[in-house]
Number of protein chains: 2
Amino acid sequence: MSVQERKQRERADRERLIVATARELAEQQGWDAVTTRRLAERIEYSQPVLYSHFRGKREIIGAVALQGAAELAVSMRAAASAADGPRGRAAALARAYLDFALRNPAVYEAMFQLDGGLAFAQESTPQPLKDAFAALLENLEEVAGAGVHPGLFTEVFWASLHGLATLTKARRLPPEDAERRTDLLVDRLASL
Amino acid sequence: MSVQERKQRERADRERLIVATARELAEQQGWDAVTTRRLAERIEYSQPVLYSHFRGKREIIGAVALQGAAELAVSMRAAASAADGPRGRAAALARAYLDFALRNPAVYEAMFQLDGGLAFAQESTPQPLKDAFAALLENLEEVAGAGVHPGLFTEVFWASLHGLATLTKARRLPPEDAERRTDLLVDRLASL
DNA sequence: CTCGATTGTCTAGCAGTGCTAGGGTCAGGG
DNA sequence: CCCTGACCCTAGCACTGCTAGACAATCGAG
């Protein structure tokens with residue numbers, strides 16, 4: 001019995017190691033550098049071991065994305081609860097979101113740009129993703145405005161942040177004005 | 001002399017054929033399906049011919065992106081000039097932008113998500129890209145608001161649209177509410 | 001008209017990718 | 001102590017972007 005338990009524990013450890021290593025490698029050298037061979041070498045196992053934990057590379061990306069979503073939710077909630085007033089919370093939320101995207105570009109990519117085989121905006125959507133959206137929703141309801149569906153407002157708010165994050169990351173927007181853009185956006189969207 | 005001219009013309013024709021075929025294939029089956037082999041087969045030449053026109057796959061993506069930027073600028077200007085009032089022009093612009101992204105997902109991807117080796121927001125930025133941005137700027141100056149730098153406002157407006165476009169395309173947002181989100185966004189951003 | 005040079009294109013191949021079939025090793029239970 | 005089954009690795013498949021080198025067609029000079 002305890003032998004089986006130990007094996008299960010070791011398997012779970014190894015799975016965490018795979019995800020952590022993939023994330024690390026992606027942040028260091030980009031997702032292109034995360035090949036099954038390199039990943040296998042870093043965890044000091046052969047390639048097929050990866051496939052005994054995940055169906056394929058997509059699922060590994062998905063696992064990193066879920067981890068990131070959980071962290072993003074935590075830091076957004078922390079930022080919001082440290083801010084004063086509806087407007088202040090919205091601004092703090094935006095800053096926390098963009099800060100996360102800036103500090104964890106590869107994880108952000110896994111969450112919202114790459115195909116990690118995850119379902120979004122459905123019942124089957126994994127809990128961490130729902131929760132990250134909920135963290136936005138909770139703090140934006142009060143600035144959505146009268147007669148505006150909070151969910152819809154949150155989607156627009158999120159999409160706008162996402163646009164700023166990705167265009168900045170992809171060097172489509174000059175990085176130096178990032179803060180001014182964020183302020184302007186929050187200023188207009190959170191109109192109350 | 002005229003022989004050389006004919007050859008140059010044929011080369012230019014073939015280059016256009018490559019770009020058009022790459023675009024078509026990408027729209028039909030996604031950029032993953034655009035391999036140098038498949039592309040070569042479709043234009044009925046061997047692979048190395050591609051490399052006599054472009055440095056590599058990146059440059060082909062870049063060429064598709066430039067074509068798309070030119071078209072996007074045209075349709076945004078057309079939409080804006082058919083609309084009435086500053087607010088109406090902003091709304092028409094947003095709809096034209098999102099409509100383009102929806103109708104040409106692969107081209108949109110080439111422009112703003114994939115690496116086509118193009119420079120953005122610099123002097124060395126190719127003209128079509130500058131021009132597409134200019135088409136936005138021209139029609140948004142009047143709704144930027146007092147004391148708000150028009151360029152900065154345009155960047156924010158563009159980023160928000162980009163967020164809506166990409167999250168919808170990637171099935172991160174429910175497609176059915178797309179129009180309501182657009183209306184809400186324009187409503188808040190173009191506040192005058 | 002012939003012959004060398006140049007231009008253009010193709011075949012074949014390299015190093016790398018994600019993924020998998022099959023064999024071998026080692027530990028657990030009878 | 002041996003057999004069985006779980007586990008992992010080697011080797012390989014079909015594909016990717018890209019390129020070296022051979023070959024053929026065309027051009028200009030004599």
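Every chain is numbered from 1 and lettered A, B, ... according to where its sequence line falls, protein lines coming before strand lines.
A/Arg58 comes within contact range of no nucleotide atom at all, as no heavy-atom separation falls under 4.0 Å. Within the 4.0 angstrom heavy-atom criterion, no nucleotide atom of any strand lies near A/Arg11.
A salt bridge links A/Glu71 with A/Arg23: the distance from a Lys NZ or Arg NE/NH1/NH2 to an Asp or Glu carboxylate oxygen falls below 4.0 Å. We find that B/Asp177 and B/Arg180 are joined by a salt bridge, their nearest charged nitrogen and carboxylate oxygen being less than 4.0 Å apart. Between B/Asp13 and B/Arg9, no side-chain nitrogen of the basic residue sits less than 4.0 Å from a carboxylate oxygen of the acidic one, so the salt-bridge criterion is not met.
Distance CD (B/Gln29) to C1' (D/dC15): 15 Å, rounded to an integer number of Å. Taking atom CD1 of A/Ile61 as the reference point, atom P of C/dT17 lies 14 Å away to the nearest angstrom. When the C1' atom of D/dT26 is taken as reference, atom CD of B/Glu10 falls 13 Å away, rounded to whole Å. Counting to the nearest Å, the P atom of D/dT16 and the CG atom of A/Asp32 are 16 Å from each other.
Non-hydrogen atoms lying under 4.0 Å from DNA chain D are contributed by B/Thr35, B/Thr36, B/Arg37, B/Arg38, B/Gln47, B/Pro48, B/Tyr51, B/Gly56, B/Lys57, all within residues 35-57 of chain B.
In the model, A/Tyr45 has no side-chain atom that pairs as donor or acceptor with a side-chain atom of A/His53 under 3.5 Å.
When the side chains of ILVMFWY residues are joined at heavy-atom separations under 4.5 Å, either directly or via intervening members, B/Leu137 and B/Val156 end up in two distinct hydrophobic clusters. Both B/Leu152 and A/Leu173 are assigned to one and the same hydrophobic cluster, defined by single-linkage of ILVMFWY side chains at heavy-atom distances under 4.5 Å.
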